Structure formats: structure tokens, C-alpha cells
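See below for the structure under consideration.
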Amino acid sequence: MNHAKSTLLSAAFMLAALPLSGMADGSAGCSAESPLAGGIYSMSVDGLERTYRVHVPKGYDHAQPAPLIAVFHGWSGDESDYLGVPLVREEADQHGYIIVAPRGLGSGEPDHANNSWSFRGSNTGIDRNGDATCDAELTPDYRYPSCKASGMARNLCAWTHCQGPHKTDVEFVLALLEDVSGKLCVDETRIFATGSSNGGMLTWELAQNPKSASTFRAIAPNIGLPHRGYLDGPPAGAEMPAFLMTGTADATVPPGDWEDFGYTTTSDADRFYYASASAIMRVWANALGCSTNHAAAPVDTGVEEIDCRSYCREDKGLPRVLDCRADMGHESGLSWSWGLTLDFFDAHSARD
């Protein structure tokens with residue numbers, strides 16, 4: 001990996017992209033008397049006890065607004081999937097990011113299942129057209145008790161929790177960020193989201209939903225794609241850069257071939273249907289005003305292990321819509337993807 005080149009690129013972008021600290025929009029937490037330290041915390045949302053972990057970067061100045069990244073673990077993971085990795089904390093320190101890593105629901109009552117995040121299609125088993133999100137004859141029954149009891153699961157394709165009054169975890173994420181921003185000095189113009197697998201899928205939901213999209217400056221879903229049919233771009237007028245990372249050998253959430261705009265099908269023990277990587281990235285590029293009348297063009301990110309392409313060929317440096325694929329299975333590749341994610345967020349810190 002040649003991450004040094006990527007870091008040099010990022011440094012050049014930061015000079016032009018970052019707002020002056022005195023002009024940054026600081027959150028209410030800039031005047032908090034008892035700011036958060038790094039550690040694990042809990043909060044009540046909709047009557048449910050929720051857990052999250054915070055990393056405060058070295059050199060954090062409570063009088064200076066800092067950028068924040070919300071990271072979402074994969075199915076069966078927890079708040080330490082990212083923050084338990086030293087490289088994640090160390091590179092967050094170098095870039096000056098606060099990291100907030102919440103825990104999904106599922107492991108406790110009433111489900112006693114895997115921690116998960118809910119988004120459109122995941123807890124209903126229904127896609128945008130009203131069809132099943134999987135082949136139920138070839139896919140095990142993952143339905144959570146909360147989904148059965150509430151009737152939210154419409155078929156055997158539902159596979160995430162249904163706890164709380166909402167169909168997705170969007171409202172929880174907004175409540176979490178409000179809580180953290182009230183206790184830490186957060187630059188509210190530089191809040192980002194990333195996540196792996198099930199967490200990456202939630203990241204798309206946060207960027208597509210009008211309730212939450214304006215909260216985030218950019219997203220970086222990792223080995224996570226929307227279910228078939230949910231090919232929304234960001235809400236109208238939202239300038240939302242997106243960096244997608246997938247594995248060409250991923251049988252769990254396959255990206256499909258380059259310029260394949262159909263849906264993909266898992267080929268492990270399940271048969272779930274997802275939007276292809278090229279399909280969602282083409283929709284995203286169109287929404288950001290990039291021409292998609294041509295194939296996505298190669299992009300040199302300085303990371304040798306990956307093939308990156310973009311429809312936003314006129315963009316300088318790291319383009320606003322970046323599709324990167326590595327020769328790997330269903331794994332996050334944090335050794336290279338985390339640094340590039342931070343570079344991408346740095347490059348797109350300022351709104352146009």
C-alpha cells in the first residue's frame with residue numbers, strides 16, 4: 001500500500017477545503033461544563049437503553065470545533081469493531097476527528113439475536129416495488145422476535161431488529177449526534193458517516209433520508225449496499241459526496257461488475273438482492289451534477305491494492321463520487337480503507 005501518496009494528496013486538499021477554525025459552526029458542546037472523555041456511554045432513546053463509544057483525538061481543544069465521524073458496525077458487531085482497532089484511533093488522532101461508534105440493537109431482550117441496524121427493506125423484507133428482498137426458499141429465516149411481534153416483517157427476508165417506534169435507525173442516530181454534540185465541541189458543518197456491511201447499508205439510509213441527510217457532509221459506506229430498488233440519491237439540493245468500498249470477491253454483498261446497473265444476488269448461504277455498486281454510484285453522480293453519459297473513469301488514489309473509478313471525471317483530486325473495489329471478500333480492509341476514508345472526508349470538508 002502506498003498510503004503516503006494518499007496522505008500527501010489529502011494534505012493538499014485540506015488547505016483549500018477546510019474552513020478556518022474561527023469560522024467553523026461549533027455545537028452547543030463547545031460551552032459544556034463537563035465534556036465527554038473517551039469511553040463507553042449510554043443514553044435512553046424512545047425508552048430503549050442505547051450504548052455508544054467515543055474517541056476524542058489527541059490535541060482536542062474544547063474551545064475549537066472538531067469534525068466528527070459516526071461509525072456503524074456490521075451485523076453481530078458492536079461499538080469496538082472500529083474503535084477497538086489501534087490504527088483507527090491513531091489515524092483519527094492524526095486527522096483530528098472525534099469518532100462516535102454506537103451499538104445496534106438485538107443482543108438483549110426481546111430479540112436475543114445479533115446486534116443490527118434497521119433501514120428500508122431490512123426489517124420488512126420488502127423492496128421498493130413491493131417484492132421480496134431475497135429468495136425465501138434459499139435463505140434462512142433470520143427474523144427477529146421484535147419483527148414478528150410487531151408484524152413489521154412481511155416475509156422471511158426480514159433480517160434486522162424492529163425495536164422502537166420507527167422503521168429505521170435514523171431517529172436514533174440523530175438523537176445520538178445531538179447528545180454528543182451537546183457534550184463535545186463539534187463542527188456541525190463537518191459531520192460524516194461510515195460503516196461496514198449492515199452498518200454501511202445504514203449509512204446509505206442516513207444520506208438518502210430527508211430527516212438526516214442535511215446532518216452529514218459526506219458518507220463512506222464500506223461493503224454495504226442498499227437493498228434492490230432503493231436507488232435514491234441524496235435529497236434534492238443536497239451536496240453529499242460519497243465514497244463506496246466493496247470487494248470483487250464478496251459473496252455476501254456483491255458489488256456486481258463495473259457498469260452493471262442491475263441488482264446483485266448474494267451467493268453464500270443466503271440469496272438477498274442488493275443494488276449494484278455501479279447503479280447506486282451512477283444515481284449519486286447524477287444527483288451531484290456529474291455526467292454519466294460515459295463509463296466511470298479510473299482514479300489514482302495512491303493506494304495500489306484497489307481499482308477506483310468515478311463518473312465525476314472533471315473533479316480535481318479525490319472526486320465527489322468515488323467507487324473503489326479491492327480483490328477481497330466480505331471484509332472491511334481497514335488497513336487501507338480507513339486512511340482513504342479520512343482522506344476523502346478531509347477533501348470534502350467544505351460545502352460548495
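Note that the structure is predicted; figures quoted are calculated from it, not measured.
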- Query: Taking a hydrophobic cluster as the set of Ile, Leu, Val, Met, Phe, Trp and Tyr residues connected by side-chain heavy atoms closer than 4.5 Å, whether directly or through intermediates, do F119 and L231 fall within one such cluster?
  - Reply: yes
- Pair listing, disulfide (SG to SG under 2.5 Å) test, anchored in residues 209-259, at least two apart: none
- Return each pair, listed once, that meets disulfide (SG to SG under 2.5 Å) where at least one residue sits in residues 194-249; pairs must be two or more places apart or across chains. none
- Give a yes or no on whether the backbone of S181 and the side-chain of S27 come within a donor-acceptor separation of less than 3.5 Å. yes
- Task: For a side chain to side chain contact (heavy atoms under 4.5 Å, CB included) with L322, tell me which candidate from V299, L244, D315 qualifies.
- Result: V299
- Query: Does a sphere of radius 6.0 Å around CD in E109 hold more than 12 heavy atoms from other residues, nucleotides or ligands, not counting ones at 6.0 Å or beyond?
  - Reply: no
- Any side-chain donor near an acceptor of the partner, N222 and S332, under 3.5 Å: no
- Query: Angle class for the H227/F272 ring planes (parallel below 30°, perpendicular above 60°, tilted otherwise)?
  - Reply: tilted
- Message: Under 4.0 Å between a side-chain nitrogen and a carboxylate oxygen: does that hold for R50 and D169?
- Response: yes
- Less than 4.5 Å apart, any side-chain heavy atom of Y274 and any of T266? yes
- Query: Around atom CG of N129, are there more than 12 heavy atoms of other residues, nucleotides or ligands at under 6.0 Å?
  - Reply: yes
- Query: Will you find, in the side chains of Y41 and D179, an N or O donor that is under 3.5 Å from an N or O acceptor?
  - Reply: no
- Between the side chain of D46 and the main-chain N/O of L48, is any donor-acceptor distance below 3.5 Å? no
- Result of checking Y311, W204, F243 against W284 for ring pair (Phe, Tyr, Trp, His ring centres under 6.0 Å): W204
- Query: Can you tell me how far the CH2 atom of W338 sits from the CH2 atom of W336, to the nearest 0.5 Å?
  - Reply: 13.5 Å
- Has the side chain of R228 got a donor or acceptor atom that lies under 3.5 Å from a matching backbone atom of A132? yes
- Are there more than 12 heavy atoms of other residues, nucleotides or ligands under 6.0 Å from atom CZ of R154? no
- Item | Contacts of R309 that satisfy salt bridge (Lys or Arg N to Asp or Glu O under 4.0 Å) - sequence neighbours left out | D307
- Message: Walk me through whether H73 and W117 qualify under side chain to side chain contact (heavy atoms under 4.5 Å, CB included).
- Response: CA-CA 9 Å; H73 62 73; W117 305 105; 3.6 Å; yes
- Task: Ignoring hydrogens and angles, tell me if any N or O in the side chain of S276 forms a donor-acceptor pair with the backbone of D260 under 3.5 Å.
- Result: yes
- Message: For A32 versus H62, what's the shortest heavy-atom pair and its separation?
- Response: O-NE2, 3.3 Å
- CZ-OG1 distance between R271 and T265, expressed to the nearest 0.5 angstrom: 8.5 Å
- Report yes if some heavy atom in the side chain of Y230 is under 4.5 Å from a heavy atom in the side chain of E205; otherwise report no. no
- Return the minimal non-hydrogen interatomic distance between P254 and T264, and the atom names on each side. O-OG1, 2.9 Å
- Message: With heavy-atom distances below 4.5 Å as the criterion, would you say the side chains of M201 and S122 are in contact?
- Response: no
- Message: Are V186 and V54 linked, directly or through intermediate hydrophobic residues, by side-chain heavy-atom contacts shorter than 4.5 Å (ILVMFWY only)?
- Response: yes
- Item | Non-hydrogen atoms of L156 and A136 that approach each other most closely | CB-CB, 4.2 Å
- F344, L342: one ILVMFWY side-chain cluster at the under-4.5 Å cut-off? yes
- Task: For Y144 and L105, run side chain to side chain contact (heavy atoms under 4.5 Å, CB included): C-alpha distance rounded to whole Å, both residues' side-chain angles, the deciding distance at 0.1 Å, then the answer.
- Result: CA-CA 11 Å; Y144 285 49; L105 291 174; over 6 Å; no
- Query: Do the rings of W159 and W75 sit parallel, tilted or perpendicular, given the 30° and 60° boundaries?
  - Reply: perpendicular
- Message: I'd like to know if I126 and L225 are part of one continuous hydrophobic network [Ile/Leu/Val/Met/Phe/Trp/Tyr, side-chain heavy atoms within less than 4.5 Å].
- Response: no
- Message: Assess, by modelled atom type and distance only, whether the side chains of T160 and S118 contain a donor and an acceptor separated by less than 3.5 Å.
- Response: yes
- Message: Using side chain to side chain contact (heavy atoms under 4.5 Å, CB included), reason through V321 and R282 one step at a time and then give a plain yes or no.
- Response: CA-CA 9 Å; V321 180; R282 181 174 66 169; over 6 Å; no
- Message: What's the separation between atom CD1 in I219 and atom CG in L206, rounded to the nearest 0.5 Å?
- Response: 8.5 Å
- Message: If I compare all heavy atoms of D270 with all of P140, which pair ends up nearest, and what's the gap?
- Response: OD1-CD, 3.1 Å
- Donor + acceptor pair across side chains of D111, S146 (<3.5 Å): yes
- Message: Could you check whether any side-chain N or O of S214 sits under 3.5 Å from a backbone N or O of P210, counting only pairs where one atom can act as donor and the other as acceptor?
- Response: no
- What are the two closest heavy atoms between Y82 and G195, and how far apart are they? OH-C, 3.4 Å
- Message: Donor-acceptor pair, distance only, cut-off 3.5 Å: does the side chain of E259 make one with the backbone of A296?
- Response: yes
- Can you tell me how far the CG atom of L68 sits from the CZ atom of R217, to the nearest 0.5 Å? 15.5 Å
- Nearest heavy-atom contact between V283 and G233 is CG1-N, 3.6 Å
- Message: If I take atom OG1 from residue T133 and atom CG from residue D127, how far apart are they, to the nearest 0.5 angstrom?
- Response: 7.0 Å
- Query: Got Q163 and P110 here, is their nearest side-chain heavy-atom distance under 4.5 Å?
  - Reply: yes
- Close side-chain approach of N123 to H161, heavy-atom, < 4.5 Å: no
- Message: Do N115 and S107 pair up side chain to side chain, a donor and an acceptor below 3.5 Å, judged on atom types alone?
- Response: yes
- Item | T189 versus D25, side-chain donor and acceptor atoms under 3.5 Å | no
- Task: Using a 4.5 Å cut-off on heavy atoms from C-beta on, say whether the side chain of K167 contacts that of R120.
- Result: no
- Task: Check step by step if salt bridge (charged side-chain N to carboxylate O under 4.0 Å, His left out) holds for D232 and R128.
- Result: CA-CA 10 Å; D232 312 67; R128 170 62 59 73; 2.9 Å; yes
- Close side-chain approach of T246 to V253, heavy-atom, < 4.5 Å: no
- Task: Show the numbers, then the answer: is there a side chain to side chain contact (heavy atoms under 4.5 Å, CB included) between F192 and T341?
- Result: CA-CA 10 Å; F192 305 90; T341 296; over 6 Å; no
- Pairwise distance CG(D250) to CG(D327) - rounded to 0.5 angstrom: 11.5 Å
- Query: Just wondering, more than 12 heavy atoms not from E314 lying within 6.0 Å of its CD?
  - Reply: no
- Query: For the hydrophobic clusters of this structure (ILVMFWY residues joined by side-chain heavy atoms under 4.5 Å, transitively), does one cluster hold both I69 and L334?
  - Reply: yes
- Task: For the residue pair K183 and P35, establish whether any side-chain heavy-atom pair is separated by less than 4.5 Å.
- Result: no
- Query: Does L318 offer a backbone N or O that forms a donor-acceptor pair with the side chain of H348 under 3.5 Å?
  - Reply: yes
